[in-house]
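Only this structure's heavy atoms are used, side chains among them; waters, hydrogens and symmetry mates stay out. So you know, we letter chains A, B, ... as the sequences are listed, proteins then strands, and number each from 1.
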Number of protein chains: 2
Amino acid sequence: MPGLPKAPMTGQSRSRPVPEVPREGLKVRMEDVARAANVSRATVSRVLVGYPPVSPQTREQVFKAVRELGYVPNAMAQGLSKRKSDLVGLLLRDPRNPAYGQLHSLVQEAVSNHGLELITAVPHWQEGAEDELAALRRMLGLRVGGLLVSTGVIKAVDLEPFLDSVPVVSVGRVEEHPRIHGVSYDEDVHGATLANRVASAGHRSVAVLVPSARVSTAENRRGSSMAVHLEGRGITVHRIVSDAFGRPEAGIGRILELAREGAATAAMFPNDNRAMIFLRAAKAVGLDAPGDISVTGCDGIIPGLDLIGLTTLRIPVERVAQRGVEVLEGLMGARAGTEVRHEKFAGEFVPGTTLGPVA
Amino acid sequence: MPGLPKAPMTGQSRSRPVPEVPREGLKVRMEDVARAANVSRATVSRVLVGYPPVSPQTREQVFKAVRELGYVPNAMAQGLSKRKSDLVGLLLRDPRNPAYGQLHSLVQEAVSNHGLELITAVPHWQEGAEDELAALRRMLGLRVGGLLVSTGVIKAVDLEPFLDSVPVVSVGRVEEHPRIHGVSYDEDVHGATLANRVASAGHRSVAVLVPSARVSTAENRRGSSMAVHLEGRGITVHRIVSDAFGRPEAGIGRILELAREGAATAAMFPNDNRAMIFLRAAKAVGLDAPGDISVTGCDGIIPGLDLIGLTTLRIPVERVAQRGVEVLEGLMGARAGTEVRHEKFAGEFVPGTTLGPVA
DNA sequence: CTGAAAGCGCTTACAG
DNA sequence: CTGAAAGCGCTTACAG
């Protein structure tokens with residue numbers, strides 16, 4: 001509206017009542033620093049941002065004031081103003097599971113190396129399905145610059161509405177959505193690798209625990225792959241299907257029976273936890289591994305696994321975490337949408353001692 | 001300034017150029033919702049906050065608009081405006097360590113149960129000591145409503161300048177600062193408990209690995225306590241002091257020698273990881289536990305520990321995590337400063353099989 | 001090289 | 001019960 005005279009300001013910085021009490025701790029704001037350094041807020045900001053250049057003189061005064069006042073910039077104000085934050089969100093399945101703990105740790109590291117801040121949340125789905133996605137919404141609320149999803153609780157469809165606003169990379173989980181980048185484990189290869197080892201050991205009748213996809217997509221993939229590859233080599237497979245969410249001991253009893261009847265000489269599990277539960281149960285009923293039955297797991301993350309001797313496969317968490325962050329970072333820096341890719345990494349077989357020749 | 005006429009506004013909501021392109025995803029703001037619902041921003045805010053009451057009619061319109069537009073409130077703006085955030089910061093030592101992973105998990109849970117948001121950071125101290133405290137500063141920058149500190153990297157003095165601005169509770173670490181609340185493990189009792197078991201098993205000459213306080217205050221406490229209590233019962237103690245940061249295998253060799261010489265019939269370690277390293281090394285040189293030497297650890301967190309059989313003590317992570325969050329929450333709600341307390345919890349002995357009578 | 005001002009998206013007295 | 005306005009603490013064109 002040209003022609004309309006601007007209203008005169010009553011004082012400097014509007015009519016904000018300037019409190020003369022010196023602020024301290026987290027209460028000191030940029031304005032306090034500016035005053036102490038005898039410059040404007042804009043200048044303080046420039047010094048802190050590092051650009052555009054400020055005269056060395058003023059720079060020093062500002063730094064001095066920052067130091068003396070112990071100024072810590074308010075990241076919320078920064079984010080709001082810049083319309084973006086350095087926050088990267090990680091949606092984790094369960095930090096109690098060492099495989100996820102490891103992932104978290106590595107992601108944490110990779111993210112800080114990129115000068116970003118990681119925030120972690122764990123979506124539950126126990127509680128009233130009402131806000132099953134509360135964790136997701138909270139992260140989006142914070143306007144994270146990127147999102148790393150590693151839990152099956154969050155479905156691809158839940159993310160769809162936001163795919164244009166925030167880059168999403170799913171890590172360590174089976175991802176097939178055409179618009180979500182994925183960096184995960186090659187569960188087919190994992191299953192095949194383990195199956196081939198069991199087959200090579202001479203087993204002709206094997207029990208395989210296969211959780212339903214509803215329980216865990218990854219475990220389902222692994223288990224199915226094991227079964228398929230065993231069958232491909234003409235081996236008799238006893239598929240023990242488990243649809244019991246949160247009950248890793250499901251199906252163990254049945255496998256124990258098969259072992260005792262001699263109907264199976266080996267038992268394959270889709271993760272170490274289940275394998276350990278079986279080992280425990282077997283020991284309890286006097287069955288020896290691999291004496292009476294061979295046992296294999298999958299994950300290979302738990303410290304001390306070598307002392308247990310479990311034959312397993314170590315998933316490549318390091319590579320997945322690192323690559324996941326790398327991809328996300330690329331997306332966060334990218335102007336336009338990049339081509340969506342689904343990358344998979346395979347881990348390495350861990351011999352152990354619970355896989356032996358046919359008893 | 002009474003008498004000074006207010007400058008007339010040129011349009012609604014200042015002269016903000018109203019973009020007519022419908023925003024989507026995370027781009028939709030409260031104003032868009034307001035327009036869609038035919039109300040003011042203030043009203044939308046009230047509906048969302050839940051207070052003060054808004055007519056049921058309008059409420060519904062607003063909720064409808066929120067739903068249809070997929071509105072996710074910007075938490076940074078909320079925080080800035082409310083001068084506080086729901087964020088709780090957790091400074092973690094190393095998520096790779098199952099004991100910390102467990103703590104993280106439990107804190108995560110407790111925090112969400114309180115309707116708060118957890119953000120986690122891991123301060124390194126490998127890198128140039130320059131921004132050793134970068135993680136702390138980033139959290140303070142986000143103006144977290146409270147801080148949970150569980151790593152020794154952050155010293156009490158580093159926190160001092162902010163103690164007035166943000167409630168701090170240290171969890172699971174030895175804390176003695178008079179102004180910082182502490183909820184931790186009773187390492188003295190832990191050491192005593194284990195020492196008494198070893199003594200009761202009849203050992204008269206025991207090797208104890210004691211890391212220096214610089215390496216780990218907690219482990220130092222445990223180890224010292226073990227040694228002291230053994231000595232109190234007239235037992236000969238071989239203190240193996242380790243000052244090697246990040247090298248948990250330090251001192252193991254020496255203990256192996258003592259075992260072989262028969263100079264020690266039991267070896268006590270300040271955590272399970274070190275005990276497992278010893279177990280591995282012992283096995284490698286043909287020493288059996290407890291046949292040739294008894295072994296105890298401390299932590300009891302690793303899954304599958306029972307399969308290894310390590311005699312240890314399970315630290316009460318659950319109680320510490322829960323109580324830590326509880327205390328923090330109390331502080332966050334409190335108007336004035338509460339009395340500072342240092343609470344300690346002791347765990348439970350885990351018999352295992354690596355502690356036996358004197359060989 | 002530096003400052004005054006507008007704007008980021010909310011909340012919350014202040015007035016009806 | 002509802003709206004207009006100020007303010008939270010920054011950043012960043014816009015003008016010198």
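Listed by residue number, the members of residues 42-53 of chain A with any heavy atom below 4.0 angstrom from DNA chain C are A/Ala42, A/Thr43, A/Arg46, A/Pro53. Heavy-atom distances under 4.0 Å link DNA chain D to B/Leu80, B/Ser81, B/Arg83 of residues 72-84 of chain B, given in residue order. DNA chain C lies under 4.0 Å from no heavy atom of any residue of residues 54-61 of chain B.
Note that CG of A/Asp158 and CG of A/Leu136 are 7.0 Å apart. Values are rounded to the nearest 0.5 Å. How far CG of B/Leu331 is from CD of B/Glu326: 11.0 Å, rounded to the nearest 0.5 Å. B/Leu91 contributes atom CG, which lies 8.5 Å from atom CD1 of B/Ile119 (distance to the nearest 0.5 angstrom). Between the CG atom of B/Leu159 and the OG atom of B/Ser170 there is a distance of 9.0 Å, given to the nearest 0.5 Å. Rounding to the nearest 0.5 angstrom, the gap separating the OG1 atom in B/Thr120 from the CD atom in A/Glu117 is 9.5 Å. With rounding to the nearest 0.5 angstrom, the CG atom of B/Asp164 is 9.0 Å from the NZ atom of A/Lys27.
Between the CG atom of A/Asp86 and the P atom of D/dC10 there is a distance of 15 Å, rounded to whole Å. Regarding A/Arg143, its CZ atom lies at a distance of 11 Å from the C1' atom of C/dC10, rounded to whole Å. Across the protein-nucleic acid pair, B/Leu26 atom CG and C/dC8 atom C1' stand 15 Å apart, rounded to whole Å. The distance between atom CZ of A/Arg41 and atom P of D/dG7, rounded to the nearest whole Å, is 13 Å. Going from atom CE of A/Met30 over to atom P of C/dA4 covers 15 Å, rounded to whole Å. Rounded to an integer number of Å, the gap from CZ of B/Arg35 to C1' of D/dG3 is 16 Å.
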Donor-acceptor pairs are to be reported for all side-chain atoms of residues 72-80 of chain A against protein atoms at under 3.5 Å, with residues two or more places apart or in another chain.
from    : atom 1 : to      : atom 2 : distance (Å)
A/Asn74 : OD1    : A/Met76 : N      : 2.8
A/Asn74 : OD1    : A/Ala77 : N      : 3.1

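Counting only Watson-Crick and G-U wobble pairs whose two key distances fall under 3.5 Å, DNA chain D forms stems of three or more stacked pairs at C:1-3 with D:14-16, C:5-12 with D:5-12, C:14-16 with D:1-3.
Judged by distance alone, with hydrogens and angles left aside, the side-chain atoms of A/Thr151 form no donor-acceptor pair with the main-chain N or O of A/Arg93 at under 3.5 Å. Without hydrogens or angle criteria, B/Ser85 side chain to B/Arg143 main chain gives a donor-acceptor distance under 3.5 Å. No donor-acceptor pair closer than 3.5 Å links the side chain of B/Ser150 to the backbone N or O of B/Leu90.
Taking a cutoff of 4.0 Å between a charged side-chain nitrogen and a carboxylate oxygen, A/Arg41 and A/Asp32 do not qualify as a salt bridge.
Straight-line distance between the C1' atoms of D/dT12 and D/dG16: roughly 16 Å, to the nearest whole Å.
Here B/Glu68 pairs with B/Lys64 under the salt bridge (Lys or Arg N to Asp or Glu O under 4.0 Å) rule; sequence neighbours left out.
Taking the centre of each ring, A/His342 and A/His177 stay at or above the 6.0 Å mark.
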